[in-house]
There are 2 protein chains.
Amino acid sequence: MTSQGLLSQANGIPEEINGLRMTRQRQEIYKLLMGERSHPTANEVFMRIKESLPNISLATVYNCLEALVQHHIIRQVNFDREPSRYCPNLDEHGHFHDEATGTIHDVKFKPGINLTDLLDLPPHTVIKDIEITLRGQLSAS
Amino acid sequence: MTSQGLLSQANGIPEEINGLRMTRQRQEIYKLLMGERSHPTANEVFMRIKESLPNISLATVYNCLEALVQHHIIRQVNFDREPSRYCPNLDEHGHFHDEATGTIHDVKFKPGINLTDLLDLPPHTVIKDIEITLRGQLSAS
DNA sequence: ATTGGATCAAGAACTATTCTAATTTAAATT
DNA sequence: AATTTAAATTAGAATAGTTCTTGATCCAAT
């Protein structure tokens with residue numbers, strides 16, 4: 001144990017988040033996701049993370065991403081059957097998938113909107129998670 | 001061409017829907033989906049369709065499902081990275097995934113709701129498709 | 001009847017992901 | 001500081017859903 005408390009490392013990432021020990025690999029992957037908010041796939045993370053961790057394996061990237069997801073540090077986002085993407089934005093939001101460029105944009109809800117109020121849910125339903133995906137194009141104007 | 005128009009077959013399925021020729025295999029798969037609205041996977045369709053088409057192959061089931069989807073006759077529904085499911089309900093609707101039983105329920109929107117109005121979309125966005133997925137439980141009682 | 005294009009069947013191939021087993025690292029304890 | 005223990009990492013094999021390939025079959029139009 002260091003004597004400095006949570007923010008004990010040079011890169012500003014705590015030793016532990018939500019009960020998950022932040023190893024070097026997890027730190028770097030988390031930092032990368034925070035940096036470029038491009039919703040990369042595991043493989044894209046793998047390729048880019050090699051700059052800081054040349055010996056990392058793809059399995060470790062998957063392991064780390066899964067650990068981060070399960071401890072609610074990042075979110076996993078799926079579009080159809082495409083490779084999973086990973087997102088550091090924990091606010092409730094949807095995803096707009098621009099078909100022309102393949103890029104993904106976070107979409108906020110307008111203030112005061114509670115999605116479940118708008119749906120005809122079966123009675124006694126407890127919703128744990130909502131996912132909203134939009135597909136379309138940014139029309140050139 | 002028969003002389004009876006669209007509904008020319010005993011089973012009530014037209015020879016062609018949305019420009020897709022309805023072969024025997026496509027008919028049977030479509031009929032099956034219409035019958036049990038249980039959002040089956042391709043493999044579930046494969047197993048059940050063997051009763052009426054004992055020689056059908058899994059590849060054909062995939063081909064038929066893809067053709068039906070592309071001609072907007074059925075919808076493909078994905079939950080995370082689980083196997084794709086198929087749904088004959090073309091009305092705009094979401095899906096509630098009951099974690100306890102694994103079953104899927106269609107969820108209608110309350111009348112007068114236009115989802116895109118509630119979202120903070122980038123300007124000049126043309127939405128082609130919206131997908132809404134809920135995960136949770138039907139609480140006992 | 002013949003031709004040509006679409007459809008189907010069977011199995012191989014592909015790809016994203018997970019698993020396995022061995023090694024390394026880090027933390028806790030002596 | 002050395003030892004023990006558990007967790008994390010690595011590399012590659014395995015898995016599962018889906019797609020691709022090739023050859024056979026069907027069907028509609030000539």
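Throughout, protein chains are lettered first and strands after them, A, B, ... in sequence-line order, and every chain is numbered starting at 1.
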Nearest whole angstrom, please: distance from the [atom2] of [N] to the [atom1] of [X].
{"X": "B:Gln27", "N": "C:dC8", "atom1": "CD", "atom2": "C1'", "result": "15 Å"}
{"X": "A:Phe46", "N": "D:dG12", "atom1": "CZ", "atom2": "P", "result": "11 Å"}
{"X": "A:Met22", "N": "C:dA26", "atom1": "CE", "atom2": "P", "result": "15 Å"}
{"X": "A:Asn43", "N": "C:dT17", "atom1": "CG", "atom2": "P", "result": "9 Å"}
{"X": "B:Ile49", "N": "C:dA9", "atom1": "CD1", "atom2": "C1'", "result": "16 Å"}
{"X": "A:Asn78", "N": "D:dG17", "atom1": "CG", "atom2": "C1'", "result": "14 Å"}
{"X": "A:Glu82", "N": "C:dA16", "atom1": "CD", "atom2": "C1'", "result": "12 Å"}
{"X": "A:Asn63", "N": "C:dT18", "atom1": "CG", "atom2": "C1'", "result": "9 Å"}

(request) Indicate yes or no: at least one non-hydrogen side-chain atom of B:His93 is less than 4.5 angstrom from one of B:Cys87. (result) yes

(message) Do A:His39 and A:Asp106 have side chains that approach each other closer than 4.5 Å (heavy atoms only, starting at C-beta)?
(response)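 Yes, at least one pair of side-chain atoms sits under 4.5 Å.
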
Side-chain N or O of [X] versus OP1/OP2 of [N]: is the shortest distance under 4.0 Å?
{"X": "A:Thr60", "N": "D:dT10", "result": "yes"}
{"X": "A:Arg21", "N": "D:dA7", "result": "no"}
{"X": "A:Gln25", "N": "C:dT25", "result": "no"}
{"X": "B:Tyr62", "N": "D:dT18", "result": "yes"}
{"X": "A:Arg81", "N": "D:dT18", "result": "yes"}

(message) For A:Arg21, is there any backbone N or O sitting under 3.5 Å from a side-chain donor or acceptor partner on A:Arg26?
(response) yes

(request) Answer yes or no: is there a donor N or O on one side and an acceptor on the other, between the side chain of B:Gln27 and the main chain of B:Met22, under 3.5 Å? (result)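 Between the backbone of B:Met22 and the side chain of B:Gln27 there is a qualifying donor-acceptor contact (under 3.5 Å).
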
(request) When you get a sec, tell me which of D:dA8, D:dT18, C:dA16 is the closest nucleotide to the side chain of A:Thr23? (result) D:dA8

(message) Nearest to the B:Ile56 side chain among D:dA8, C:dA9, C:dT17, which nucleotide is it?
(response)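 Closest nucleotide to the B:Ile56 side chain: C:dA9.
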
(request) Give A:Ser84 one of three labels, base, sugar-phosphate or nothing, depending on what nucleic acid heavy atoms sit under 4.0 Å from its own. (result)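 Sugar-phosphate: the residue A:Ser84, judged by heavy atoms under 4.0 Å, touches backbone atoms but no base.
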
(message) Any base atoms under 4.0 Å from B:Asn55, or only sugar-phosphate, or nothing? Heavy atoms, all strands.
(response) sugar-phosphate

(message) Can you work out whether B:Ala59 or B:Arg26 has the more 5'-proximal nearest nucleotide on DNA chain C?
(response) B:Arg26

(request) Kindly compute the distance separating CG (A:Asn63) from CG (A:Leu68), expressed to the nearest 0.5 Å. (result)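 If I round to the nearest 0.5 Å, the distance is 11.0 Å.
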
